Asker: 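For reference, the structure I am asking about is given below.
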Amino acid sequence: MKRKRFTREFKFEVLRLFAQGSKSAAQLARELGVRRNQIYKWRKELQVRGEQEAFRGPGRNAVKENVSELTALKKRVARLEEENAILKKAEAYFSGKHR
């Protein structure tokens, strides 16, 4: 059975309706075609992550961010290794070990 996917906007709207208090989670779930416990999970995610970070999708954005961070770190490591090699050569030169 294929899982239902709901948009970020839909989740916010469900939580807005739930917060109004005019209908129970069970009523909203029946009317909107979601599981009752899913409403509580969405509410908890919103409370924990905040409005900006909640319901960001299956993680593709985080993967892109991690890849770009990894690329930047690899460049930094390469630069630091190059600087380290230069310093070792300078140390050898100035200590007279180059002869």
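Note that the structure is a prediction, hence the values are computed from the model and not measured.
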Asker: How about F55 and F6: are their ring centroids closer than 6.0 Å?
Answerer: no
Asker: Drop me the distance from F12's CZ to L17's CG, to the nearest 0.5 angstrom.
Answerer: 13.5 Å
Asker: Near E51 CD, under 6.0 Å, is it more than 12 heavy atoms from other residues, nucleotides or ligands?
Answerer: no
Asker: With a 6.0 Å cut-off (strictly less than), is the heavy-atom count around CD of E91, excluding the residue itself, greater than 12?
Answerer: no
Asker: With a 6.0 Å cut-off (strictly less than), is the heavy-atom count around CD of Q47, excluding the residue itself, greater than 12?
Answerer: yes
Asker: How about R36: does its CZ atom have over 12 heavy atoms from other parts shown lying under 6.0 Å from it?
Answerer: no
Asker: Rounded to the nearest 0.5 Å, what separation is found between the CG atom of L28 and the CD atom of E13?
Answerer: 10.0 Å
Asker: Rounded to the nearest 0.5 Å, how far apart are CD of E45 and CZ of R56?
Answerer: 11.0 Å
Asker: Rounded to the nearest 0.5 Å, what's the gap from CD on Q27 to CG on L32? Could you check?
Answerer: 11.0 Å
Asker: Is there a donor-acceptor pair closer than 3.5 Å between any side-chain N or O of K23 and the backbone N or O of E31?
Answerer: no
Asker: To the closest 0.5 Å, what do you measure between NZ (K41) and CD1 (I39)?
Answerer: 12.5 Å
Asker: Under 6.0 Å from the CZ atom of R79, do we count more than 12 heavy atoms belonging to anything else shown?
Answerer: yes
Asker: Of all heavy-atom pairs between A25 and Y40, which one has the smallest distance, and what is that distance?
Answerer: CB-OH, 3.4 Å
Asker: Quick check for you: to the nearest 0.5 Å, what is the distance between W42 atom CH2 and R35 atom CZ?
Answerer: 8.5 Å
